[in-house]
> 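This is the structure I have questions about; it appears just below.
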There are 2 protein chains.
Amino acid sequence: MNLSPLAERFVLHFGEMGSRWGVNRTVGQIYAVLFIAPSPLNADDIVDALGVSRSNVSMGLKELQSWRLVRMVHQAGDRRDYFETPKDVWEIFRTLAEEKRKREIEPTLSFLRDALMDAPGDDAERHAQEKMRQMHELIDLANGWFDDIHELSPQTLESLMRMGAKVSRVLEFANQLRGVGRE
Amino acid sequence: MNLSPLAERFVLHFGEMGSRWGVNRTVGQIYAVLFIAPSPLNADDIVDALGVSRSNVSMGLKELQSWRLVRMVHQAGDRRDYFETPKDVWEIFRTLAEEKRKREIEPTLSFLRDALMDAPGDDAERHAQEKMRQMHELIDLANGWFDDIHELSPQTLESLMRMGAKVSRVLEFANQLRGVGRE
DNA sequence: TTATAGTTTCAGAAATTACTGAAAATTCAG
DNA sequence: CTGAATTTTCAGTAATTTCTGAAACTATAA
């Protein structure tokens, strides 16, 4: 691995975390190396940096592009494909949240929607379905909230985050103004 | 698999989603079967329901307990261990968020904290470190926000979610009252 | 104690996932 | 077109993860 000591530590860390984040080591490492690179890299640069096969890099880049965490760019007078990560960390944050929702939440949400349409056959099914209904309600709410958050501007989101728990006081105030919520 | 058709569909879905959520199929299925069960189950009940080995169930239960998504309970006059999922979906939501943060975010946050202490060796390292600083800043902010959210009561969190994007209007209002944020 | 019920551990087998190298496909300059 | 440069695909292999059955361990009843 042909990287400065600090860069190498970063890349190795991302490789190790990969499995917890649902990608394999190489994918984590490719992302890391692109994230800290001062300019876009081509696939062979990545092969050199990581010491993995060309085909592995090709597959990893494809996966990262499907997550929209990496995009292809071109350099004038060079046929090769170059790759970079979006530079704005807020953009990355949104993208990641959106993709995670699509892959980890949506399928279950639509499964539950389906399952709730069925007529329960007996008491056990009636109980199971009631639990599913609770789960659906919560996921649906959280999901919609993510949708809303997603539409906020980075600045608004940032102030929201910086407010932190104080938001609850603002909320209480707002609730007082308009009665007790929307129920 | 000895379950009603609806329960079986639910269990199979959780098994399939397991890998996306970072657990194996059996762990996902065990969680599902406990979630919809009307009362706590013992390990052999789970073996019967899922048709996997006793040892696999034992390991899966251990993992789910480490996630605090399943807890052990006892029945009067029965030596066997029984297991149940927390019934309150909001509690489950918090627990999951907290555990995910601990496993998926904290290690990177502390890696970055460390890496930012090093003196950069050259320009490339200086640039890499600057990118890491940006990443650290964002993760730290989001992390602290999750901390704050975590401390809200389920009711407050629920109203916050139901407000959705409207929160930004409240925020703007609050910002007007107190100048432009905290900078 | 000892016997029994219940649970966990763990080495090896089975299944799955990741990775490679070679071949195929694509792109583009000449 | 042709052919060189580049990228992608894919079958086979390597590595990793999951699962099992047997043995070890623990707790309790008699």
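Side chains included, hydrogens not; waters and symmetry mates left out as well; all remaining heavy atoms used. Throughout, protein chains are lettered first and strands after them, A, B, ... in sequence-line order, and every chain is numbered starting at 1.
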> Is the phosphate of C:dG6 approached by B:R80 (side-chain N or O, under 4.0 Å from OP1 or OP2)?
yes
> Checking all strands, does A:D81 fall into the base, sugar-phosphate, or nothing category for heavy-atom contacts under 4.0 angstrom?
sugar-phosphate
> Report which part of the nucleic acid B:S19 touches: base, sugar-phosphate, or nothing (heavy-atom distance under 4.0 Å, all strands).
nothing
> Whole angstrom is fine here: how far is it from CG in B:N42 over to P in C:dT7?
7 Å
> Side-chain N or O of A:S58 versus OP1/OP2 of D:dT9: is the shortest distance under 4.0 Å?
no
> Look at the side-chain N and O atoms of A:S55 and state whether any lies under 4.0 Å from the OP1 or OP2 oxygen of D:dT9.
no
> Separation of B:R25 atom CZ from D:dT20 atom P, in whole Å?
9 Å
> Measure from CG on B:N24 to P on C:dT17 and round the result to the nearest Å.
11 Å
> Could you tell me whether A:E98 and A:R94 make a salt bridge, using a distance below 4.0 angstrom between a side-chain N and a carboxylate O?
no
> Whole angstroms only, please: what is the CZ-C1' distance between B:R54 and D:dT20?
13 Å
> Is A:D147 salt-bridged to A:R101, going by a charged N under 4.0 Å from an acidic O?
yes
> Whole Å only: how far is the CG atom of A:D78 from the P atom of D:dA4?
19 Å
> Could you give the CD-to-C1' distance, from B:E63 to C:dT7, as a whole number of Å?
18 Å
> Can you measure A:N56 atom CG to D:dT13 atom P for me and round it to whole angstrom units?
18 Å
> In terms of side-chain heavy atoms of A:R79, which of C:dG21, D:dT16, C:dC28 is nearest?
C:dC28
> For the pair made of CG in B:L61 and P in D:dC19, what is the distance, rounded to whole Å?
13 Å
> Is any NZ, NE, NH1 or NH2 atom of the basic residue among A:R20 and B:E106 found under 4.0 Å from an Asp or Glu carboxylate oxygen of the other?
no
> Are B:E99 and B:R103 side-chain neighbours, meaning at least one heavy-atom pair lies under 4.5 Å?
yes
> Strictly by modelled atom types, are B:T156 and B:S159 linked by a side-chain donor-acceptor pair under 3.5 Å?
no
> Whether B:K62 contacts C:dT7 is assessed here as follows: a side-chain N or O lying under 4.0 Å from the phosphate OP1 or OP2. Is that the case?
no
